[in-house]
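Given the structure is predicted, the values throughout are model-derived calculations rather than measurements. Each ligand, and each atom within it, is numbered from 1 in the order the structure gives. FYI, side chains are in, hydrogens and waters are out, and symmetry mates aren't considered; it's all heavy atoms of this structure.
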Amino acid sequence: MADLTASFHFMKHFLQETDFTLREAAAVFAHAQELKHTRGRGGPQPLAGQTWAMIFSKSSTRTRVSFEVGIHELGGNPLFLSRGDIQLGRGETVADTARVLSRFVHGLVVRTFDHAEVQGLADAGTIPVINALTDLLHPCQIYADAFTLAERWAAPGGDLLAALRGRKIAFVGDRGCNVANSWIMGANLFGMKISLAGPPGFDAAPEFDALLARSGFAGGYEFTTDAYAAVRDADVVYTDVWVSMGKEEETAERIRVMTPFAVTPELFAAAKPDALFMHCLPAHPGQEVAQAVLDNPRSIIFDQAENRLHVQKAILSALAAAR
Ligand code: CP
Ligand code: NVA
């Protein structure tokens with residue numbers, strides 16, 4: 001098993017895709033591949049003796065289970081803290097929460113609404129923080145997705161990241177959501193092209209463009225209101241729910257304006273003949289995507305879900321190696 005301490009020297013957080021350099025991301029992907037292929041055969045235990053707290057303010061199936069299982073498999077103890085069960089939910093400050101938890105546990109995995117909260121926990125604490133989804137970004141999802149594509153496209157034993165370069169991803173639907181934002185950042189980091197299609201008026205939050213610019217990727221995406229234009233020559237067609245967690249009050253309006261952006265069999269057929277379909281899940285069949293597309297042999301939705309485990313184990317191992 002490769003030694004991650006050679007690649008990671010300083011304590012790090014993983015709040016956005018660019019918190020790892022391309023070289024560090026390559027080490028994470030290679031490690032994820034080794035962990036995947038050796039799972040269940042007594043793998044490394046870099047979290048032995050450690051407890052990682054998981055503060056969740058939103059629902060989760062994949063992220064919660066993959067982190068709890070992953071921390072356990074790396075020898076650590078996952079401590080799930082629902083926001084409502086801790087004083088943060090009653091108004092204790094983010095900074096004090098970070099300072100107190102830093103005295104008890106070795107790292108934080110955080111799912112919340114406001115991106116500033118994960119940043120605040122990272123800034124005030126003395127332990128690594130992993131972003132497990134905010135309203136702005138979902139970087140663990142995009143690393144797992146990109147790994148899933150690299151696994152498919154790289155030659156056996158070949159360079160995983162090189163397999164992504166120059167490929168085109170089309171994101172159709174709620175183009176301003178956290179997964180779309182994160183894919184913009186990931187596509188720029190990994191040297192992919194990204195085209196997004198969605199209704200006008202559902203752009204990314206202004207803070208996203210500022211964050212993208214600070215990462216050196218200002219304007220690094222194409223946007224169109226024509227779903228067929230977006231998927232032309234695409235290697236991947238990606239969608240996400242139209243109503244993200246926290247947006248429930250806008251449900252009727254979102255369904256009305258996003259219906260023309262559903263991924264139907266016809267739209268999927270307009271991408272490259274060997275294009276893959278991806279969705280971070282949970283899906284709403286019949287809304288953002290047709291059941292026939294979810295069931296298509298070129299749909300890789302459950303590989304994406306499985307790879308959350310392997311890639312997050314590699315991310316946890318990298319952050320543990322860097323302390
Ligand atoms: N894709 C994803 O993050 O799923 P969960 O909301 O179930 O964690
Ligand atoms: N955009 C979705 C992703 C769920 C994994 C949401 O935030 O609800």
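- Between T51 and the options I71, L101, V105, a side-chain contact (heavy atoms from CB on, under 4.5 Å) holds for only V105.
- Among all protein heavy atoms, the one lying closest to atom 7 (O) of ligand 1 is T61 N, 2.7 Å.
- Within 6.0 Å of CD in E249 there are 12 or fewer heavy atoms belonging to other residues, nucleotides or ligands.
- Considering only non-hydrogen atoms, atom 7 (O) of ligand 2 lies nearest to N178 out of T63, D135, N178.
- Using a 4.0 Å cut-off between a side-chain N of Lys or Arg and a carboxylate O of Asp or Glu, D235 and K272 qualify as a salt bridge.
- Using a 4.0 Å heavy-atom cutoff, D174 is absent from the residues neighbouring ligand 2.
- Contacts between H138 and ligand 1, counted as non-hydrogen atom pairs separated by less than 4.0 Å, involve the side chain only.
- Taking every non-hydrogen atom of L281 and a distance limit under 4.0 Å, the qualifying atoms of ligand 2 come out as 5 (C).
- The protein heavy atom nearest to atom 4 (O) of ligand 1 is R62 NE, 2.8 Å.
- Taking any N or O of C280, backbone or side chain, at least one lies under 3.5 Å from an N or O belonging to ligand 1.
- Residue H138 has no nitrogen or oxygen atom sitting less than 3.5 Å from a nitrogen or oxygen atom of ligand 2, judged on distance alone.
- Judged by the 6.0 Å and 45° rule, R64 forms a cation-pi pair with F80.
- A salt bridge is absent between R175 and D240; no separation between the charged side-chain nitrogens and carboxylate oxygens falls under 4.0 Å.
- Figure legend: K12 and F20 shown without cation-pi pairing, the cationic atom not lying both under 6.0 angstrom from the six-membered ring centre and within 45 degrees of its axis.
- Taking atom 3 (C) of ligand 2 as the reference point, the nearest protein heavy-atom neighbour is D240 OD2, 3.6 Å.
- Salt bridge status for R83 with E117: present, with a side-chain N to carboxylate O gap under 4.0 Å.
- The shortest contact between atom 2 (C) of ligand 1 and any protein heavy atom is with R308 NH1, 3.4 Å.
- The structure places CG of L316 at 10.0 Å from NE2 of H31, a figure rounded to the nearest 0.5 Å.
- For ligand 2, the polar-atom distance check against M245 finds a nitrogen or oxygen pair separated by under 3.5 Å.
- With salt bridges taken as basic N to acidic carboxylate O contacts below 4.0 Å, one links D174 and R254.
- Shortest contact from atom 6 (O) of ligand 1 to any protein heavy atom: R111 NH1, 2.9 Å.
- Here L281 has backbone heavy atoms under 4.0 Å from ligand 1, and that is the only part of it that gets that close.
- On a distance-only criterion, R64 and ligand 1 share no N/O pair closer than 3.5 Å.
- For atom 4 (C) of ligand 2, the closest non-hydrogen atom on the protein side is L133 CD1, 4.0 Å.
- Proximity of the aromatic rings of Y221 and F171 is defined here by a centroid distance below 6.0 angstrom, and this criterion is not met.
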